[in-house]
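Single-structure report; data block below.
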2 protein chains.
Amino acid sequence: MNENAAGAGAATGAVAAPASGGRRTQRERKRATVSRLMDATISAIAEVGYAGTSIGEVCRRSGVSRGGLFRHFDSRLDLVIAAAEEVAARHLATARAWLGGHGGGLREALPMMRERHRDEINIVWFELAVAARSDAGLRDRLAPVADRFYRAISDLGRHVPELAALSDRDRHLLISTVRDLFDGETISRALVPEPGVEADRLTLIAEFAEFFIARRT
Amino acid sequence: MNENAAGAGAATGAVAAPASGGRRTQRERKRATVSRLMDATISAIAEVGYAGTSIGEVCRRSGVSRGGLFRHFDSRLDLVIAAAEEVAARHLATARAWLGGHGGGLREALPMMRERHRDEINIVWFELAVAARSDAGLRDRLAPVADRFYRAISDLGRHVPELAALSDRDRHLLISTVRDLFDGETISRALVPEPGVEADRLTLIAEFAEFFIARRT
DNA sequence: TGACTTAGCGACCGATTGGTCTCTAGGTTG
DNA sequence: CAACCTAGAGACCAATCGGTCGCTAAGTCA
């Protein structure tokens, strides 16, 4: 009868916890609920896909009612676009943190990049990108977000010493190519896993990048 | 009221046309209907995605009734798996025909491969591969088909002179990598098209493939 | 405190989903 | 021709879809 089964357990509601006592401001209440909805939407897309992420599914996972959801998002599309922006931001934040704290060169950055593209966060992104191909409404809303996201990924390459010397154009060519490759690999490996090939491929990509850099500098 | 609007116009029903006169055998009737359903399923997945390819959508496109559809396929999953097998077969047939009639080397084979991966046929395949990630029933049925399909693609490489000398392992590594790259590219370009980058990328892949071949032989 | 606003709930709506069932049309076989 | 079988049609089913609406709960502010 009641869709709200998950409760607040899975949510990161603590983010907007009251500063003191049991009383929360309206701002805090709103933030906490939106945050639970975001987490639920992201995990739903990752686990049951874009098509399976119905309003009911998100309500079930978040413990928020339909009425509560539609208070903060006008439509499913609005919810999903918010999740896409969140997911792009998290992906970049994690990668940036790694590049900042780690002085690593190309041979360390590539496995990091592959790991990022296999993470739940990027799977959600990719799921939305694929759905956008055949859903005009989603595509129109997602395209500008994608444009910024993809550019930001290429810009991150500046923090890798070997790539810093490349022109913007060459660096973007190289990184966008590796990005597409990792995304394609994420799909084929879900269907036909080939751990040996994957290991060899990482070496191959590193050789490819070094070959490319040598030719262009 | 009636879903059957398309009629027989869009179908390739002519394949199973009666040998003479207006009378058809049961075999011919069945073949013609299944063929119309396959074409409708493939075009539907290509245009409205896997999730949008409902039984109703396929019936509308094919002009076959629900009863007629379920006469030949026990479930939507059966229909979709049949379409996947058809799509893999067509992809390979087209590529094989090109490689047979054309003596072309690597520099011609790569654009052909990219074109194949952008074709409606491969988009249908990829749409199913992505859906299979979060749909266990689909994944179980699609995995063996995918295994054969992917292996066949790598085997096609033997017909490209430059790749013939490589070991099976190296050839598979190279071709599966390019395959994943082209599939990933097909998605990102639908959202953020970059014709200039795509042109540069094709050259880049060719140069790298030549570099790889030189190192391994 | 009392008036007002925002957050959140869940019954409800019409449309659509995958699938079933009964019935008719058409081809096959004695 | 009669009996039989497969092909195909479409009304119908329960479940689920995205979204609405009237209501109560909680926070704000005079």
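Since the structure is predicted, the reported quantities are computational estimates derived from the model, not experimental observations. Chain letters run A, B, ... following the sequence lines, proteins first and then strands; every chain starts at 1.
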Taking everything shown except His159(B) itself, do over 12 heavy atoms lie less than 6.0 Å from its NE2? no

In whole angstroms, how far is the P atom of dC17(D) from the CZ atom of Phe70(A)? 12 Å

Can you check the Arg29(A) CZ to dG8(C) C1' distance for me, whole Å? 7 Å

Closest to the side chain of Arg66(B), out of dA11(D), dG19(D), dA7(C), is dA11(D)

Can you check the Arg31(B) CZ to dG8(D) C1' distance for me, whole Å? 19 Å

Please list, chain by chain and in numerical order, all residues satisfying side-chain hydrogen bond (donor to acceptor under 3.5 Å, both in side chains) with Ser43(B), sequence neighbours excluded. Arg61(B)

On the ring face of Phe182(A), is Arg118(A) found with NZ or CZ under 6.0 Å from the centre and within 45° of the axis? no

Atom NZ of Lys30(A) and atom P of dA26(D) are separated, to the nearest Å, by 19 Å

Excluding sequence neighbours, so at least two apart, what forms side-chain hydrogen bond (donor to acceptor under 3.5 Å, both in side chains) with Asp78(B)? Arg141(B)

Which residue lies toward the 5' end of DNA chain C, Thr25(B) or Asp74(B), if each is placed at its nearest nucleotide? Asp74(B)

Let me know the distance between CZ of Arg36(B) and C1' of dA9(D), rounded to the nearest Å. 12 Å

Students often mix this up, so state it plainly: with edges at 30° and 60°, are the rings of Phe208(A) and Phe208(B) parallel, tilted or perpendicular? perpendicular

Would you mind checking if Glu194(A) and Arg201(A) are paired as a salt bridge, meaning a charged N to carboxylate O distance below 4.0 Å? no

If you compare every side-chain N and O of Ser54(A) against the phosphate oxygens of dC17(D) (OP1, OP2), does one of them come in below 4.0 Å? yes

What residues in residues 75-85 of chain A put a non-hydrogen atom under 4.0 Å from any atom of DNA chain D? Ser75(A), Arg76(A)

So does His72(A) get a side-chain nitrogen or oxygen closer than 4.0 Å to the phosphate oxygens (OP1/OP2) of dG8(C)? yes

Separation of dT6(D) C1' from Gln26(B) CD (nearest whole Å): 5 Å

Mind calculating the distance between CZ (Phe73(A)) and P (dT20(D)) to the nearest angstrom? 16 Å

Which residue, Arg71(A) or Leu69(B), contacts DNA chain D at a nucleotide closer to its 5' end, judged by nearest heavy atom? Leu69(B)

For Arg139(B), the side-chain hydrogen bond (donor to acceptor under 3.5 Å, both in side chains) test, sequence neighbours excluded, returns none

Near DNA chain C, counting only heavy atoms under 4.0 Å, which residues of residues 126-139 of chain A show up? none

Taking salt bridge (Lys or Arg N to Asp or Glu O under 4.0 Å) as the definition, give me every residue that meets it alongside Asp135(B), ordered by chain and number, with sequence neighbours left out. none

Take His91(B) and Phe149(B), measure what ring-ring contact (aromatic ring centres under 6.0 Å, His included) needs, and give me the verdict at the end. CA-CA 9 Å; His91(B) 180 129; Phe149(B) 182 39; 5.2 Å; yes

Residue closer to the 5' end of DNA chain C, Thr33(A) versus Gly67(B) (nearest nucleotide): Thr33(A)

Distance, rounded to the nearest Å, where Glu28(B) contributes CD and dT6(D) contributes C1': 15 Å

